[in-house]
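Written out below as structure tokens is the structure these notes cover.
Order of listing sets the numbers, starting from 1, for every ligand and every atom in it. Only a predicted model underlies this, so the values are computations on that prediction, with no experimental measurement involved. All residue numbers refer to positions in the sequence shown, counting from 1.
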Amino acid sequence: MGARRRLALLALAVALAAAAATTGHAGVTSPYRRKLEATADMPFDADVFRVPPGYNAPQQVHITLGDQTGTAMTVSWVTASELGNGTVRYGPSPDKMEMSAQGTHTRYDYFNYTSGFIHHCTLRNLKHGVKYYYAMGFGHTVRTFSFTAPPKPGPDVPFKFGLIGDLGQTFDSNSTLSHYEANGGDAVLFVGDLSYADAYPLHDNRRWDSWARFVERSVAYQPWIWTAGNHELDYAPEIGETVPFKPFTRRYRTPYRAAGSTEPLWYSVKVASAHIIVLSSYSSYGKYTPQWTWLSDELARVDRKATPWLIVLMHSPWYNSNNYHYMEGETMRVQFESWLVAAKVDIVLAGHVHSYERSRRFSNVAYNIVNGKATPVRDLDAPVYVTIGDGGNIEGIANNFTEPQPSYSAFREASFGHATLEIKNRTHAYYAWHRNHDGAKATADSVWLTNRHHLPTDDSK
Ligand SMILES: *[C@@H]1O[C@H](CO)[C@@H](O)[C@H](O)[C@H]1NC(C)=O
Ligand SMILES: *[C@@H]1O[C@H](CO)[C@@H](O)[C@H](O)[C@H]1NC(C)=O
Ligand SMILES: *[C@@H]1O[C@H](CO)[C@@H](O)[C@H](O)[C@H]1NC(C)=O
Ligand SMILES: *[C@@H]1O[C@H](CO)[C@@H](O)[C@H](O)[C@H]1NC(C)=O
Ligand SMILES: *[C@@H]1O[C@H](CO)[C@@H](O)[C@H](O)[C@H]1NC(C)=O
Ligand SMILES: [Fe+2]
């Protein structure tokens with residue numbers, strides 16, 4: 001390229017950048033680039049994977065809501081040597097755990113792996129907002145943990161969610177979890193792809209165990225709301241494993257029955273001022289299927305006066321301007337986007353793509369098979385779409401964005417991190433994304449969201 005041509009192109013680029021800055025419509029593709037190589041998984045003997053001391057000690061302890069609002073909490077754990085005692089004792093003080101519940105247990109085989117004894121026990125009759133201590137492992141090694149039951153749902157109940165996806169168990173995953181802990185949320189909305197055990201030969205299920213030991217330090221103390229990702233499928237007919245989601249559904253429970261669902265992979269919960277709908281990208285969602293029917297009924301049950309914020313979780317994003325997993329979410333978008341726009345969903349969270357992206361309020365629902373109107377347009381009824389698949393797993397960063405940045409994309413960056421969503425009241429919520437490179441406290445992208453039902457202003461500026 002000649003020097004004059006280069007200069008002309010440079011001038012053009014400067015002019016375009018200036019035009020973009022003045023019109024304010026151009027999205028930001030952040031220039032920051034994290035190192036591109038995938039970091040290794042933490043080795044089995046890493047501190048975060050340590051088996052707790054004591055004979056048959058409960059390990060991999062995790063909690064999630066046991067009903068729709070958190071007056072029940074399901075506690076899960078694994079015992080390795082023998083079944084042990086399935087009782088959980090609980091109560092408002094560590095020396096007064098006078099309530100108790102009896103759990104159930106399961107085991108599963110996966111090729112030549114046999115799981116430990118997987119216990120699930122739902123603690124009921126909890127009071128909203130009260131701190132509870134709970135203990136299990138009676139007869140062998142007793143371990144005690146605590147959590148605070150979520151506040152009673154209502155229109156102006158502040159609550160802080162952590163948003164994490166595609167976590168895995170690398171050194172980067174450990175940074176992501178550490179930064180989330182430092183930022184201090186009350187519960188995690190997890191958008192799928194937990195352990196990445198399937199990255200190993202024979203889907204080495206010992207990596208499901210190590211992952212659960214790794215995240216115990218957070219999820220034993222606050223509920224994580226689970227979404228199924230493609231790495232939960234563990235569908236491997238070549239080794240005779242043909243039951244999709246086998247390890248995931250044996251190990252992780254969701255309160256789907258309380259939500260009127262017939263499958264654990266799609267359900268809803270109501271936490272503080274939010275109604276949260278979880279969808280499964282890897283289950284059928286065509287017309288008349290169980291997920292389609294359930295979502296149709298569920299959207300009719302949403303009461304924005306009681307729970308103003310409507311949040312939808314899924315794994316595969318609908319608005320993704322990254323060449324990785326490009327348009328994989330398209331069929332589900334075509335099926336459901338018009339419903340979410342009509343319902344004025346506030347925010348849609350997805351993972352899957354290992355980078356970060358936030359959209360403006362756009363929709364693409366005018367198209368039908370004869371009119372050709374297939375371009376996304378500004379739409380204040382539409383949700384903000386966030387892709388938060390940047391938890392830091394072994395597959396590395398997705399650093400190849402489409403060019404130019406589409407108009408619906410407000411901010412995108414190929415770095416690892418997590419986000420937080422702080423609901424303040426019925427009209428305002430503060431959303432912030434934290435890249436791991438900057439430590440926990442710095443915010444790389446943030447926005448005040450206004451509620452689509454109670455204050456549907458243009459909040460994208
Ligand atoms: C299990 O532990 C509970 C609580 O300490 C106790 O009441 C119960 O008897 C134990 N069950 C068995 C079978 O040991
Ligand atoms: C399962 O099979 C693999 C491959 O043959 C082998 O490396 C591994 O040790 C086996 N695991 C068990 C628990 O037998
Ligand atoms: C993971 O992070 C925790 C908390 O920051 C730290 O104590 C631990 O040593 C880290 N482990 C590894 C293997 O990096
Ligand atoms: C980015 O993705 C495009 C479209 O898939 C592909 O043609 C291109 O080679 C990719 N670039 C890099 C650097 O991987
Ligand atoms: C809701 O929260 C926002 C942000 O903190 C605040 O500016 C606003 O005044 C609050 N609204 C009411 C009615 O308190
Ligand atoms: Fe994924």
Problem - Result of checking Trp224, Trp226, Phe190, Phe245 against Tyr252 for ring-ring contact (aromatic ring centres under 6.0 Å, His included) - result: Trp226

Practice task
Confirm or rule out an N/O/S atom of Asp166, from backbone or side chain, lying less than 2.8 Å from the Fe ion (ligand 6).
Solution key: no

Practice task
Taking atom types as modelled, find out whether Thr39 and Asp172 have a side-chain donor-acceptor pair closer than 3.5 angstrom.
Solution key: yes

Practice task
Answer yes or no for Ser316: is there an N/O/S atom below the 2.8 Å cut-off from the Fe ion (ligand 6)?
Solution key: no

Fill in the blank from the handout: Residues Phe416 and Trp433: closest non-hydrogen pair is O-CZ2, 4.4 Å

Handout entry: Under-4.0 Å protein heavy-atom contact, atom 7 (O) of ligand 5
Key = no

Practice task
Provide the atom name of the closest N, O or S atom of Asp193 relative to the Fe ion (ligand 6).
Solution key: OD2

Exercise for the section: For Lys344, look at atom NZ and say whether over 12 heavy atoms of other residues, nucleotides or ligands are found less than 6.0 Å away. Expected result: no

Completion exercise
Looking only at heavy atoms, the pair that brings Pro308 and Gly154 closest together is CD-O, 4.1 Å

Exercise for the section: Step through the shown structure and confirm whether more than 12 heavy atoms of other residues, nucleotides or ligands are within 6.0 Å of CZ on Arg217. Expected result: yes

Exercise for the section: Can you pull out the closest protein heavy atom to atom 2 (O) of ligand 5? Residue, atom name and distance to 0.1 Å, please. Expected result: Asn425 ND2, 2.3 Å

Exercise for the section: May I ask you to check whether His315 brings an N, O or S atom to under 2.8 Å from the Fe ion (ligand 6)? Expected result: yes

Exercise for the section: For atom 13 (C) of ligand 5, state whether the nearest protein heavy atom is under 4.0 Å away. Expected result: no

Exercise for the section: Answer yes or no: is there an ion pair linking Lys305 with Asp303, defined by an N-O contact shorter than 4.0 Å? Expected result: no

Handout entry: Which of the ligand 2 atoms, numbered from 1, are nearer than 4.0 Å to a heavy atom of Asn112
Key = 1 (C), 2 (O), 3 (C), 8 (C), 10 (C), 11 (N), 12 (C), 13 (C), 14 (O)

Problem - Atom indices of ligand 2 within 4.0 angstrom of Leu202 heavy atoms, with elements - result: 2 (O), 3 (C), 4 (C)

Exercise for the section: Would you name the N/O/S atom of His352 that lies closest to the Fe ion (ligand 6)? Expected result: ND1

